[in-house]
Participant: 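Dropping the structure in here first, questions after.
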Amino acid sequence: MTTTATHETRIEADPKLPTVKVVRDFDHPRDKVFRAWTDPELVARWMGPRNLEMTIEHWDLRTGGSYRYTAWREGERIAGFWGSFHDVREDRIVQTFSFDGAPDGVSLDTLTLEDLGDGRTRTTVLSVVESMEIRDMIMASGMDVGVVEGYEQLDELLAGG
């Protein structure tokens with residue numbers, strides 16, 4: 001049996017800005033976390049809540065590239081997500097994020113991967129949306145379940161090799 005350390009996932013909404021920040025530490029080196037975050041076969045294994053399956057439809061991870069993936073539950077399509085990669089580096093990815101349920105909405109997400117030393121990495125995702133109302137809808141949507149369970153699955157994936 002493989003065990004993983006449990007780390008807190010902090011999800012914060014700035015009271016004065018339309019932003020959501022998600023911070024999480026992993027007990028693995030930055031290059032390994034980066035690979036799990038960028039290899040589409042690995043991304044499909046950890047992203048989202050445990051009761052959903054992700055299908056990567058398109059994945060062109062490069063500055064100027066794009067992506068699209070779909071969430072499925074028990075054979076039923078639940079949602080689709082898409083966006084563009086604006087900047088891809090080993091310590092930072094900037095991308096847009098949209099989903100089928102809000103086709104006019106888009107967030108600008110910046111992921112940073114910070115080497116904490118001792119083979120540990122801190123990831124921070126800062127999402128900027130159009131308005132405080134959209135930010136509040138995101139916070140009330142139950143997205144925290146998908147984020148926390150996804151990061152737990154990422155921990156398990158990283159511990160497995």
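Residues: numbered from 1 along the sequence shown. For the numbers below, each heavy atom of this structure counts, side chains included, while hydrogens, waters and symmetry mates do not.
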Participant: Using the salt bridge (Lys or Arg N to Asp or Glu O under 4.0 Å) rule, collect all pairs that involve residues 82-92, keeping only residues at least two apart or in two chains.
Facilitator: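 Found Arg30-Glu90, Asp87-Arg89, Asp87-Arg92.
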Participant: Do Val22 and Leu157 land in one hydrophobic cluster if side-chain heavy atoms of ILVMFWY residues count as linked below 4.5 Å?
Facilitator: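 Result: yes, single cluster for both.
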Participant: Going by salt bridge (Lys or Arg N to Asp or Glu O under 4.0 Å), name the pairs with one or both residues in residues 47-63, residues two or more places apart or in two chains.
Facilitator: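 Every salt bridge (Lys or Arg N to Asp or Glu O under 4.0 Å) pair that includes a residue of residues 47-63, provided the two are not neighbours, is Arg50-Glu152, Arg50-Glu156, Glu57-Arg68, Asp60-Arg62.
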Participant: Scan for salt bridge (Lys or Arg N to Asp or Glu O under 4.0 Å) pairs involving residues 124-136, sequence neighbours excluded, and state none if there are none.
Facilitator: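 Of all non-adjacent pairs touching residues 124-136, none passes salt bridge (Lys or Arg N to Asp or Glu O under 4.0 Å).
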Participant: With sequence neighbours left out, write down each residue that passes salt bridge (Lys or Arg N to Asp or Glu O under 4.0 Å) with Arg45, or none if nothing qualifies.
Facilitator: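 Arg45: no salt bridge (Lys or Arg N to Asp or Glu O under 4.0 Å) contacts found.
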Participant: Tell me which pairs pass ring pair (Phe, Tyr, Trp, His ring centres under 6.0 Å) where either residue lies in residues 116-138, with sequence neighbours left out.
Facilitator: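 Not a single pair qualifies under ring pair (Phe, Tyr, Trp, His ring centres under 6.0 Å).
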Participant: Can you find a pair of side-chain heavy atoms, one from Thr124 and one from Lys21, that are under 4.5 Å apart?
Facilitator: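 A side-chain contact exists here, since the closest heavy-atom pair is under 4.5 Å.
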Participant: Tell me whether Leu154 is reachable from Met54 by hopping between hydrophobic residues (I, L, V, M, F, W, Y) whose side-chain heavy atoms are closer than 4.5 Å.
Facilitator: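 In one cluster: yes.
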Participant: Is there any salt bridge (Lys or Arg N to Asp or Glu O under 4.0 Å) pair reaching into residues 102-114, and which pairs are they, with sequence neighbours excluded?
Facilitator: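 Residue pairs passing salt bridge (Lys or Arg N to Asp or Glu O under 4.0 Å), neighbours aside: none found.
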Participant: Count I, L, V, M, F, W, Y as connected when their side-chain heavy atoms are under 4.5 Å apart, and connections chain through other members. Are Val94 and Val129 then in the same cluster?
Facilitator: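 Hydrophobic grouping puts Val94 apart from Val129.
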Participant: Applying ring pair (Phe, Tyr, Trp, His ring centres under 6.0 Å), which residue pairs with at least one partner in residues 124-144 are found, sequence neighbours left out?
Facilitator: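 Not a single pair qualifies under ring pair (Phe, Tyr, Trp, His ring centres under 6.0 Å).
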Participant: Please answer whether the main-chain N or O of Glu41 pairs with a side-chain N or O of Asp39 as donor and acceptor at a distance below 3.5 Å.
Facilitator: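 Present.
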Participant: Search all heavy atoms of Ser98 against all heavy atoms of Gly105 and return the closest pair with its distance.
Facilitator: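 Result for this residue pair: OG-O, 3.1 Å.
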Participant: Give me the atom names and distance for the closest heavy-atom approach of Arg120 to Asp115.
Facilitator: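 Distance-wise, the nearest heavy atoms are O-OD1, 3.6 Å.
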Participant: I want to check something: taking the side chain as every heavy atom from C-beta on, are Tyr67 and Val43 in contact at a cut-off of under 4.5 Å?
Facilitator: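 Of all side-chain heavy-atom pairs linking Val43 with Tyr67, none is under 4.5 Å.
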Participant: Can you tell me how far apart CG (Leu17) and CG (Leu126) are? Round to the nearest 0.5 Å.
Facilitator: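 Spacing of CG (Leu17) from CG (Leu126) equals 9.0 Å.
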Participant: What residues form a side chain to side chain donor-acceptor pair (under 3.5 Å) with Thr55, not counting sequence neighbours?
Facilitator: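 Per chain and number, Thr55 pairs via side chain to side chain donor-acceptor pair (under 3.5 Å) with Trp72.
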Participant: So, for Pro40 and Ile56, which heavy atoms are closest and what is the spacing to 0.1 Å?
Facilitator: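 Answer, listing the atom of Pro40 first, then Ile56: O-CG1, 3.5 Å.
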Participant: Mind jotting down which residue pairs meet the ring pair (Phe, Tyr, Trp, His ring centres under 6.0 Å) criterion with at least one end in residues 103-144? Sequence neighbours excluded, please.
Facilitator: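 Ring pair (Phe, Tyr, Trp, His ring centres under 6.0 Å) check on residues 103-144 returns no pairs.
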Participant: Considering only distance and modelled atom types, tabulate donor-acceptor pairs under 3.5 Å from the side chains of residues 74-86, sequence neighbours left out.
Facilitator:
residue	atom	partner	partner atom	Å
Arg77	NH1	Asp100	OD2	3.2
Arg77	NH2	Asp100	OD2	2.6

Participant: Which residues pass the ring-ring contact (aromatic ring centres under 6.0 Å, His included) test with Trp46, sequence neighbours left out?
Facilitator: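 Residues passing ring-ring contact (aromatic ring centres under 6.0 Å, His included) with Trp46: Trp37.
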Participant: Looking at CD1 of Ile138 and CE of Met143, how far apart are the two atoms once the value is rounded to the nearest 0.5 Å?
Facilitator: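 Rounded to the nearest 0.5 Å, the CD1-CE separation comes to 7.0 Å.
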Participant: Distance check, rounded to the nearest 0.5 Å: Met139 atom CE versus Asp144 atom CG?
Facilitator: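 Result: 7.5 Å between the selected atoms.
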Participant: Starting at CG of Leu52, measure out to OG1 of Thr70 and round the result to the nearest 0.5 Å.
Facilitator: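 Output value for this atom pair is 11.5 Å.
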Participant: What's the separation between atom CD1 in Ile11 and atom OG in Ser127, rounded to the nearest 0.5 Å?
Facilitator: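 Answer rounded to 0.5 Å: 10.5 Å.
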Participant: Is a side-chain donor-acceptor pair under 3.5 Å present for His7 with Asp155?
Facilitator: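 Absent: no donor and acceptor within the cut-off.
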Participant: Give the ring-plane orientation class for Phe97 versus Tyr69, where under 30° counts as parallel, over 60° as perpendicular and anything between as tilted.
Facilitator: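 Taking Tyr69 first and then Phe97, their aromatic rings sit tilted (interplane angle of 30° to 60°).
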Participant: Below 4.5 Å, heavy atoms only, C-beta onward: do Leu111 and Leu113 meet side chain to side chain?
Facilitator: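 Leu111 reaches Leu113 side chain to side chain.
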Participant: For residues Leu42 and Phe26: do they belong to one hydrophobic cluster (side chain heavy atoms under 4.5 Å, members Ile, Leu, Val, Met, Phe, Trp, Tyr)?
Facilitator: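 Yes, because Leu42 and Phe26 connect within a single hydrophobic cluster, where side-chain heavy atoms sit under 4.5 Å apart.
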Participant: Tell me the ring pair (Phe, Tyr, Trp, His ring centres under 6.0 Å) pairs involving residues 106-144, sequence neighbours left out?
Facilitator: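 Applying ring pair (Phe, Tyr, Trp, His ring centres under 6.0 Å) to every pair that reaches into residues 106-144, excluding sequence neighbours, yields nothing.
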Participant: Let me check something: do Val147 and Val128 share a hydrophobic cluster, defined by ILVMFWY side-chain heavy atoms less than 4.5 Å apart, either directly or through other members?
Facilitator: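 Different hydrophobic clusters.
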Participant: Could you measure the distance from the OG1 atom of Thr121 to the CZ atom of Arg24? Nearest 0.5 Å is fine.
Facilitator: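 That separation rounds to 11.5 Å.
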